[in-house]
Structure formats: C-alpha cells, structure tokens
Amino acid sequence: MKVVGRKKEIAQIERCLHADKSHFIAVYGRRRVGKTFLVKSYFKNQFSFYSTGLAHADLHTQLTSFSLNLLDPSGSETDHLPRTWLEAFGLLIKKLSKSKKKKKVVFLDELPWMDSRNSGFLTALEHFWNSWASGRTDILLIVCGSAASWMINKLIKAKGGLHNRVTLRIKIQPFTLSETKTFLISRKHKLDDYQIVQIYMALGGIPFYLEQLETDLSATQNIDLLCFSDEGILREEYSILFQSLFDSSDRHVSIVEALASKKKGLTRKELTSITKMSNAGSFTRILTELEQSNFIRKYSKYGNKSRESLYQLVDNYSLFFNKWIKDHTSHQENYWTNLINTPQYYAWAGFAYEMVCLQHLPQIKGALGISGIQTDISSWNSDAAQIDLIIDRKDQVINLVEAKFSINEYEITKSYAKSISNKIDQFIKNTKTKKAIWFVLLTTYGLKKNAHSGHVQKTLTMSDLFI
C-alpha cells in the first residue's frame with residue numbers, strides 16, 4: 001500500500017540516506033500510528049539487514065532470531081549462534097563489511113523488546129555505533145519501537161554511551177484530517193467531510209484504526225461495529241494500548257483516566273492529588289512520556305506562567321473510550337447509531353469537535369491568513385467567562401476562537417450574542433490588553449446570517465481543517 005502523508009518524515013530519511021556520513025535514526029510514536037509501515041514502505045523492504053525484537057522473549061530466543069536474519073541469500077549460515085549481543089553485533093559488522101551497497105541500511109524494529117533483562121543489549125548497540133558505524137560514511141541505522149518509555153528514556157534521552165548519538169529523531173504523529181481523508185479515499189471509502197470528522201472525533205488519525213473501517217458502512221455504523229459490537233476490535237484495544245507503550249503502565253492509565261474526567265485539564269498539583277502519586281521526578285517522567293506519545297498536551301492559561309500549566313487529555317480514542325466504551329454494558333443493536341441526535345451525543349460532540357480543532361492549529365492559522373505571523377496559543381477563564389482557544393498574534397491582534405458543532409449552518413441566538421459580548425468584555429477587563437480583539441467562530445457548515453451574526457469577525461468551517 002502507498003504511504004499517505006509523511007512528506008516531512010520521508011524528506012528527513014532521504015537527506016540521511018544521501019548524506020556523506022553515517023546516520024542513526026530513531027523512529028518513535030504511539031502504538032498503531034504506522035512507524036514500521038513507513039520505514040518498510042519507503043525502502044520497499046530492501047534492507048542490508050533487518051531484524052525485529054520478539055515480545056517477552058528471553059536472551060537466547062532474541063539472539064537466535066537476530067542470527068537467523070544474518071543468513072545471506074545463498075543460505076550459508078553464520079559461523080555460530082552468538083552467546084551475547086556483542087558477538088551478534090560483531091557478526092553484523094562482518095556481514096555489512098562484505099556488502100557492496102553504497103549505503104547500507106540497517107533496520108532494527110521493536111528495539112525495546114531486544115533489550116531483555118540483563119541482556120547487555122544497550123552496551124552492544126553502543127559499541128556497534130560508537131566503535132564502528134559512526135566512523136564510516138555508508139551506514140544508515142534506523143531503530144523503531146512502540147514502547148515509548150524505553151525509546152525516550154534509554155535512547156533519545158540516554159545518559160550513557162548513547163548520549164546524543166541519535167542523529168535524527170522522527171516522531172510519527174497521527175494523521176491530520178487531510179491525511180485521513182486521503183487515506184480513506186485510497187481505501188475506496190465514499191465519505192464526505194462531515195462523516196470523516198465524526199470518525200476523527202471518536203478514533204483520531206490512527207492509521208490502524210482507520211484501516212478497520214468498512215467501505216459499505218457510514219461513520220456511525222463503523223463506530224458501532226468497531227467500538228460497541230461484541231467482536232469490535234476497539235473494545236479491547238485500550239487495555240493493550242498502554243501496556244505496550246509504557247513500563248508500569250498502571251500509573252499512566254491513572255493519569256489518563258483522571259484527565260478524562262476533567263475535559264479542560266488539570267494542574268500537576270490536582271493530578272497528584274487525584275491519582276495519589278508522589279509529586280516527584282518519576283511523575284515528571286510519566287507526564288513527559290504521555291506527552292511525547294501524543295496522549296496529553298501541556299498548555300498555559302493566558303497571562304500565566306508555565307508553572308501553572310494545565311495537562312489535558314487529547315488522544316481522541318482514549319477520550320472516547322473513557323466516555324462511552326469503558327462502562328458500556330448495553331447489548332442494544334446499533335447503539336451508537338441510535339444515540340445520534342440525542343442531547344448526550346451533542347454534548348459530547350461539542351467537546352470532541354473542539355478537540356479536533358485544537359489538533360489542527362496550523363490549518364486554523366492558515367485559514368485566518370496568519371501562518372507566517374508569530375503567535376502564542378493559550379486558553380483563558382474567569383468566574384464570569386471562558387475562552388478555550390486564544391491566538392495571541394505578534395501583529396497586535398488577539399483571536400478569540402470558539403468551535404461549534406452543528407449538523408446545519410450555525411445560528412447565533414440573542415443569548416449567545418450576549419455571551420460573546422460578555423466574553424470579550426471580561427477578557428479585556430481582566431487581562432487589560434490593548435490589542436484588537438477579533439472573535440472567530442469555527443463551525444461545521446458555516447454561520448447563518450441573522451441580526452446577531454455581526455458579533456463574529458471571522459467564520460471558519462470544518463473544510464478549513466482539511467487544508
């Protein structure tokens with residue numbers, strides 16, 4: 001299958017491939033986001049050496065698997081089965097030294113699984129790179145793994161012999177809406193933007209989840225099938241997701257579930273209080289791992305310092321699971337489809353659409369015509385008003401942005417017009433800003449013109465998020 005999106009990542013790999021020195025690339029990101037697919041597809045599985053770690057395997061099994069991949073096409077075997085990782089990498093050096101390829105690409109997938117307890121794997125990897133590969137010009141070492149805690153703490157932020165040895169870090173992000181649309185079209189789906197947004201609100205831009213969608217079902221029918229049917233693959237995904245990514249994942253899940261109960265986020269102090277976890281360095285590490293894996297974001301309130309930052313759960317599937325799937329016991333057929341157009345659905349959809357908008361800030365800035373202007377992103381609230389997205393611009397303008405999910409053009413009522421005026425007045429009064437304030441409404445289908453629509457300086461639609 002052809003790679004969708006990933007243009008920046010592919011360009012980075014190409015630069016390293018054609019460079020006149022060796023490179024050590026670490027590819028990381030959350031489970032199911034398409035890390036291995038990207039590397040294998042780009043190189044069309046043509047590697048000088050490829051091996052993947054085996055889940056929960058001991059040292060002997062890992063070394064056996066690695067050694068089997070050292071066999072050359074003629075079928076001749078390695079001299080012997082290595083007893084240590086140092087020996088195994090020595091055999092790899094021997095194999096690569098015989099290669100006539102201009103650039104020798106080594107791909108080690110699921111690297112954290114190779115590092116079984118007391119195996120000496122990291123020491124051997126360090127020796128391979130520092131004593132041999134880094135001094136050459138023809139080695140492209142690519143390592144990949146879903147275990148985010150390992151990739152971040154033992155490789156990307158390594159403090160030993162691998163400190164600062166990774167020459168390129170590629171963090172694979174979920175698809176944007178535009179990439180999601182391209183992916184679904186490539187899979188022969190016939191869904192309009194509204195249906196795609198509905199899917200994105202529940203599943204996010206995770207390629208593996210999108211791959212499970214049936215082409216002959218609507219967005220709501222697909223969500224029913226994947227999330228609420230007895231055989232739905234996403235009913236059980238959540239329990240596997242965090243275990244595969246993090247060591248001692250119960251603590252990560254505790255933080256995620258605490259944030260799922262507070263849509264706008266929690267401070268660090270509030271999080272430690274709810275989870276009963278110590279406010280120590282280990283807590284910082286867990287927050288960093290969740291942020292690096294795109295589950296949470298750290299953001300500031302307007303005018304406040306970073307020490308007062310909020311942590312917010314932003315992974316669409318995790319939000320959807322904790323809201324709807326976690327405690328789901330109904331065996332009602334078409335549960336989700338029948339929930340559409342109910343007050344409960346619209347209450348959820350309003351927040352979920354807002355989250356999708358926050359995940360597409362570059363697209364929003366592009367639609368506003370301010371892509372090249374330096375901005376600060378924040379939120380703000382007082383006892384009398386709340387604004388979820390503030391774009392503070394270097395050109396002396398502040399955009400106050402609100403997202404509104406609707407099945408039709410959004411109509412501003414008299415009471416909402418009063419609310420807009422109150423938000424602007426309270427914001428100016430509390431922040432004492434001298435900048436121009438422009439109110440932006442980000443709807444699904446646009447704004448219906450009436451006597452109150454003049455309260456909005458700019459209207460964007462969901463189509464602007466697909467740029």
Side-chain angles (χ1 to χ4, degrees), residues 177 197 201 262-265 297-306 308-310 312 314 346-347 349-406 409-465 467:
L177 277 170
V197 167
M201 291 193 302
K262 190 71 172 179
K263 294 178 179 178
K264 303 304 177 185
R297 73 166 180 138
K298 181 181 179 182
Y299 73 103
S300 300
K301 293 182 179 180
Y302 185 85
N304 287 347
K305 296 181 179 179
S306 60
E308 298 175 311
S309 295
L310 289 168
Q312 183 183 33
V314 294
Y346 281 114
F351 172 74
Y353 181 64
E354 177 185 309
M355 186 59 61
V356 172
C357 295
L358 288 173
Q359 292 162 345
H360 290 79
L361 290 174
Q363 289 79 9
I364 292 174
K365 288 184 63 176
L368 290 173
I370 57 171
S371 293
I373 298 176
Q374 182 182 337
T375 59
D376 289 319
I377 306 298
S378 61
S379 65
W380 174 84
N381 69 280
S382 68
D383 293 337
Q386 176 174 302
I387 301 166
D388 299 319
L389 175 57
I390 295 173
I391 304 177
D392 189 355
R393 298 159 44 171
K394 202 71 172 178
D395 60 351
Q396 298 301 303
V397 174
I398 295 176
N399 291 123
L400 307 182
V401 185
E402 282 205 352
K404 293 294 181 181
F405 182 83
S406 174
E409 285 185 322
Y410 189 80
E411 184 173 4
I412 297 179
T413 62
K414 183 178 180 180
S415 62
Y416 183 52
K418 185 176 180 180
S419 173
I420 293 173
S421 297
N422 180 63
K423 286 175 188 285
I424 295 172
D425 292 343
Q426 289 294 323
F427 180 77
I428 294 173
K429 178 181 177 181
N430 280 262
T431 65
K432 297 180 172 54
T433 182
K434 302 298 183 184
K435 294 185 176 183
I437 305 298
W438 293 355
F439 194 84
V440 178
L441 203 58
L442 210 170
T443 71
T444 41
Y445 286 110
L447 184 63
K448 185 175 181 179
K449 298 293 184 181
N450 65 11
H452 307 295
S453 54
H455 283 76
V456 177
Q457 273 71 48
K458 181 76 172 179
T459 304
L460 306 180
T461 70
M462 63 181 172
S463 295
D464 292 308
L465 302 177
I467 296 173

Taking all non-hydrogen atoms of both residues, which atom of Ser421 and which atom of His455 are closest, and how far apart? OG-CD2, 3.3 Å

Closest non-hydrogen atom pair, Thr444 against Thr461: O-CB, 3.6 Å

Pairwise distance CD1(Ile398) to OG1(Thr431) - rounded to 0.5 angstrom: 6.0 Å

Flag side-chain contact, heavy atom, 4.5 Å: Leu441 against Leu460: no

CD1 on Ile391 to CG on Leu400, rounded to 0.5 Å: 9.5 Å

Quick one about Thr375 and Lys365 (side-chain donor to acceptor, distance below 3.5 Å, no hydrogens or angles considered), yes or no? yes

Verdict with supporting geometry, Leu358 and Arg297, side-chain contact (heavy atoms from CB on, under 4.5 Å): CA-CA 10 Å; Leu358 288 173; Arg297 73 166 180 138; 3.7 Å; yes

Which pair of non-hydrogen atoms, one from Cys357 and one from Ile364, has the smallest distance, and what is that distance? O-CD1, 3.4 Å

About how many Å separate CG of Asn422 and NZ of Lys429, when rounded to the nearest 0.5 Å? 10.0 Å

Full working for side-chain contact (heavy atoms from CB on, under 4.5 Å) between Leu368 and Val440: CA-CA 9 Å; Leu368 290 173; Val440 178; 4.1 Å; yes

Hey, could you give me the CD/NZ distance between Glu409 and Lys448, rounded to the nearest 0.5 Å? 7.5 Å

Does the side chain of Ser415 pick up a donor-acceptor pair with the side chain of Thr413 at under 3.5 Å? yes

Does Lys263 have more than 12 heavy atoms from other residues, nucleotides or ligands lying within 6.0 Å of its NZ? yes

Test your reading of the model: is there a side-chain donor-acceptor pair from Gln359 to the backbone of Val314, 3.5 Å cut-off? yes

Any heavy-atom pair between the side chains of Met355 and Gln312 that's under 4.5 Å? yes

Residues Glu402 and Lys423 bridged, charged N to O under 4.0 Å: yes

Could you pull out the closest heavy-atom pair between Leu310 and Lys301, with the gap in Å? CD1-CE, 3.7 Å

Determine whether Gln363 and Leu361 satisfy the following criterion, side-chain contact (heavy atoms from CB on, under 4.5 Å), listing intermediate values before the conclusion. CA-CA 5 Å; Gln363 289 79 9; Leu361 290 174; over 6 Å; no

Find the distance between CD1 (Ile437) and CD1 (Ile424) and round it off to the nearest 0.5 Å. 7.5 Å

Any salt bridge between Lys264 and Asp388, counting N to O under 4.0 Å? yes

Determine, step by step, whether Ile377 and Ile390 satisfy the side-chain contact (heavy atoms from CB on, under 4.5 Å) criterion, reporting the C-alpha distance in whole Å, the side-chain angles of both residues, the deciding distance to 0.1 Å, and the verdict. CA-CA 6 Å; Ile377 306 298; Ile390 295 173; over 6 Å; no

Does anything in residues 413-445 pair up under ring pair (Phe, Tyr, Trp, His ring centres under 6.0 Å), and if so which pairs, sequence neighbours excluded? Tyr194-Tyr445, Tyr302-Phe427, Trp380-Phe427, Tyr410-Tyr416

Which distance, rounded to the nearest 0.5 Å, do you find between the NE2 of His360 and the CG of Leu442? 11.0 Å

Ion pair Asp392/Lys435, N-O distance below 4.0 Å: yes

Minimum heavy-atom separation for Ser382 to Asn430, with atom names? CB-OD1, 4.2 Å

So does Asp383 have more than 12 non-hydrogen atoms from other groups sitting under 6.0 Å from CG? no

Looking at Asn450 and His452, would you say the former's side chain and the latter's main chain have a donor-acceptor pair under 3.5 Å? yes

Closest non-hydrogen atom pair between Ile412 and Ser453, with its separation: CD1-CA, 4.1 Å

